[in-house]
Amino acid sequence: MTPEYAVFALILAFGLACLIWLNPLLDRVGIGRVSTDLRLAAGVTLLIGIAFVMLIYAFLTSDFSVAYVAQNSNTALPSYFKLSAVWGAHEGSFLLWCLVACVWMLALGFKLRDSASLELQYAVPVMALLITGFLLFMLLTSNPFERSFPFVPSEGGDLNPLLQDFALIVHPPMLYVGYVGLTVPFAIAVSALIHGQESRNFAALMQPFVLIAWAFLTLGIALGSWWAYYELGWGGWWFWDPVENASFMPWLVATALIHSLAATKLRGVFIGWTLLLAILGAGLSLLGAFLVRSGILTSVHAFALDPERGLFILLLLVASIGSALALFAWRAPRFGALANFGVYSREFWLLINNALLVVATSVVLLGTLYPLLHEFLTEEKVSVGPPYFNAVFVPLMVLLSIAMGVGQYTVWGARAFPGTRELMWIGALALGCGLLLPLVFTGALSIAGFMATSLAGWLVFGVIEQCRTSKGGRACRAGMWIAHVGFACSLLGVGFTSQYSVERDLALSAGESAQVGDLVFEFQGVTEAAGPNYLAERGRLQVRAVNGGQFFTLLPEKRRYRSGGQVMTEAAIQPALVRDVYVSLGTRIEDDRWSLRIQIKPFVRLIWLGALIMLLGGLCHAWLIRSGRLA
Amino acid sequence: MRPIRRRRLALLLSVLAGAALATTLALLALNQNLDLFYPPADVVSGKAPIGKRIRAGGMVESGSLRHGIDGLEVRFRVTDMQANSFSVHYQGILPDLFREGQGVIATGELQSNGVLNADLLLAKHDENYMPPELAEIIPH
C-alpha cells in the first residue's frame, strides 16, 4: 500500500464532489444528471474513508517515509496513541475533518433520498461545494501523505506528550462531528434561500441535524475542558483561550439555533432569523478552523504558524459565508412574516434567549479577535485576558438563566402566564436554597455561591414543578427539561469551583507535612519510575483528613519524554463528586526538597456532568422526533 | 402611525438600544482588561507603564535564575539577546517548559525599580511552537 494511492483517492474524491454540485447546473442546461446525489456522496465518503484508513495504516506500521507520520509518531509510541496521532496535528486532523464532513453529507443525502421538495434540492450540492473547498485546501497546502524522500528517517519525532492521553484520542473526533455538523444546517438554509419561496418546511429537516451536531459539540468541548483540567497539570478547566473560544462561539450560536428552530418549526415565526443563525453557525465554525490552523493568535492549542494555510481558509470563509450572507440579504425579505405574539408567550422568551446568546457570542468574538484588530491598527501587541471575558460573560449568563426559568414555564402564543403564583414559589424556594446550601457545604457565604445555587434551583425546581403538573405533551418537553437540568448542574459546578477552590504552592522536604483546608498532606519523597516512552520522577503524598476518616495516597509525576526531551507535569487527582483533591509536582529545589501545588476543588465534576446531561437532552429530543412520538 | 408600523419601530428602537448598551459595556470591559505586550527594549527605555498590568517577554537569560530561600520565590532576567534586559520576580511554580535560554512571556505589574512582578509565566508549549510576540524580537 503506497501513500500515493491515498492521494489518488483524494483527487478522485475531489472530482466526484465537483460532480455533485455540477449536477443541478448540468440538469438546468439540459445535459441531465450524472447520477443521484446520494450515490455520488457515498462515493466521495468511501474514497476519503479509504485515504483515512491508509493514513491510519501508515501510522500503525510506522511508515516514516510519510513526512507527517515521521513528525508525529515513533516506534516506541503505544499503538492507541499511534491511532490518535493520526489526528494529532494539522494535516491528519484536516483529513478527519473532511471525512466527517462527507459522512454528514451522506446522512443528509440519505434523509433527502425520497424527497421531492424543491426547496431542499440544493442542500447536498451546497454541502459538496464546501467539501470541494476543503479537499482543495488539503491537496494544495496540507497533504498528509507527502513523502520525506530522499532522506527517510529511521525513527520518527514524537506526538506532543500533552496529546498522549485518552481524552485526546476522542476529543478531536467528537469536536469535529459537532463543528462540521453545523455545515449541514448551513447547506439546508442556503438551499432554502436559493429556492427563495417562503416556507418553513426546511425547519423539520434541519432540527435533528442541529440537535445531534450540538450534542457532539457539547461533548467535544466538555472533553477538551476535562483534558485541560487533568493534563495541563494546573487544575484550570477553562482559560478563555482563543481556540477554546473558537469552539465555544459555534456552540452558543447552535444553542440559539435550536431554540429559534423550535419556534420556526412549530409556530412559523423567526424564519429569516433561523436561516441567518444557520449561516452564522457554520461561519463561526470555519472561523474557528481559521484561528486554529493559521496560528495567528497566541494559544496553547495553535498549530505552527503558516500564513499560506491561513490565507486559504480565510478565502474559503469569506467566499462561502460572504456569498451566503449576500444571498440572505437578497432573499430574506421574502421570509419575513411579521409575527404576532405578546410578552407572555413562549415565542417572546425564546426571542430573549436568542438575543442574550447572540450578544454573548458577540462579546466572546470581540475579545477573541480584538488583539488582531488592535495590532492591525496600532502595531502594538495586546492580549485580552480572562478578566474581560468573565466581566462580560458572567452577567449575560445570569440574565440568561433567569430568562430560562421563566421561558421554560411559558406556553406557545399565550396571553398570560400559566402559573404566576407557582413561579413565585419556585423563586422563593430557589433563593432559600441559595442562602442555605453554600453555608452548609462550605461554612461560608459568598455572592457567587449564592447566585449559582439560586439560579440552579430556579431552573431545577421549575422543571420538577412542570414534570409534576403537566398532563399531556411531556414527550415534547422532555429533551428541554433534561438539557436545562444539565445547564443548572454546570452552573452549580462553575459557581462553586470558582468561588470555593483552595490553592496553595508549597515547598516540602521528604517527611514534612502541610495542612491545606481540612486535609494534611505528608510528602514522602520522590522516586524514579519508567513508562513506555518516558522517565518519571514520582512524588508520594499521604493525605488524611484532620478529623480522621479519609485516607489516601497521591502520586504526582514529572515526566521527561525520551524522544523529544519534553517535560510534562502529570497531576495526581483524588476525584469525587463533592470535591477533587489535586496535587501537581513542581520542580526540585534542592536534594529532597520539591515545590508542590495543592488544590482542593469543590464540585468541579458537576461542570462536565452537566455537559453530559445537556448532551443527553439534545439526543433525547432528536430520538423522540425520529421515533415519531412528538405530535 | 399604523399599529404594525409602531410596533416595528418600537422593536427596532429597543434592539438598537440594547445593542448600543451591550457594545458600550463590552468595550468598557475590554478597555480595562487589555494587557499590552512590551519587548525588553520598551521595558528598559521606560515605554512600558509602571503599576499597570502588562505582558512582557523575551528569552530567559542564561545563568540568571535564582531561587529564594523557601524555594518558591524566583528571580530571573529576560533579554532580547541584544543589549536590553529586565528582572522578573515570580512567586510560585515554574511552567514545565521554562528554561534558561528559552522564550517566556510574563504577565504582571512593572515596579518603579524596573522589576516586573509577575503572577503568570507563559513558556512555549512545545518544541516547534513560538508565540507570535516572541517570534519577532528573537533572532532565530
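Just so it is clear, the model here is predicted, and its values are computed rather than measured. We name chains A, B, ... by the order of the sequence lines, and we start the count at 1 in each one.
- The structure places CD of A:E375 at 10.5 Å from CZ of B:F37, a figure rounded to the nearest 0.5 Å.
- The structure places CD1 of B:I54 at 11.0 Å from OG of A:S383, a figure rounded to the nearest 0.5 Å.
- If you measure heavy-atom distances from A:V567 to chain B, the contacts under 4.5 Å come from both the backbone and the side chain.
- Interface with chain A: from residues 26-36 of chain B, residues B:A26, B:L27, B:A29, B:L30, B:N33, B:L34, B:D35, B:L36 qualify, criterion being any non-hydrogen pair under 4.5 Å.
- Chain B forms more heavy-atom pairs under 4.5 Å with one residue of A:G586, A:A391, A:P387, A:A507 than with any other, namely A:P387.
- Between B:I93 and A:S595, the shortest heavy-atom contact is CG1-OG, 4.0 Å.
- At a 4.5 Å heavy-atom cutoff, the contact between A:V392 and chain B is made by side-chain atoms alone.
- Counting non-hydrogen atoms of other residues, nucleotides and ligands closer than 6.0 Å to CG of B:N113 gives a total above 12.
- The structure places CD of A:E380 at 6.5 Å from NZ of B:K47, a figure rounded to the nearest 0.5 Å.
- Of the two parts of A:L506, only the backbone, made up of N, CA, C and O, holds a non-hydrogen atom closer than 4.5 Å to a non-hydrogen atom of chain B.
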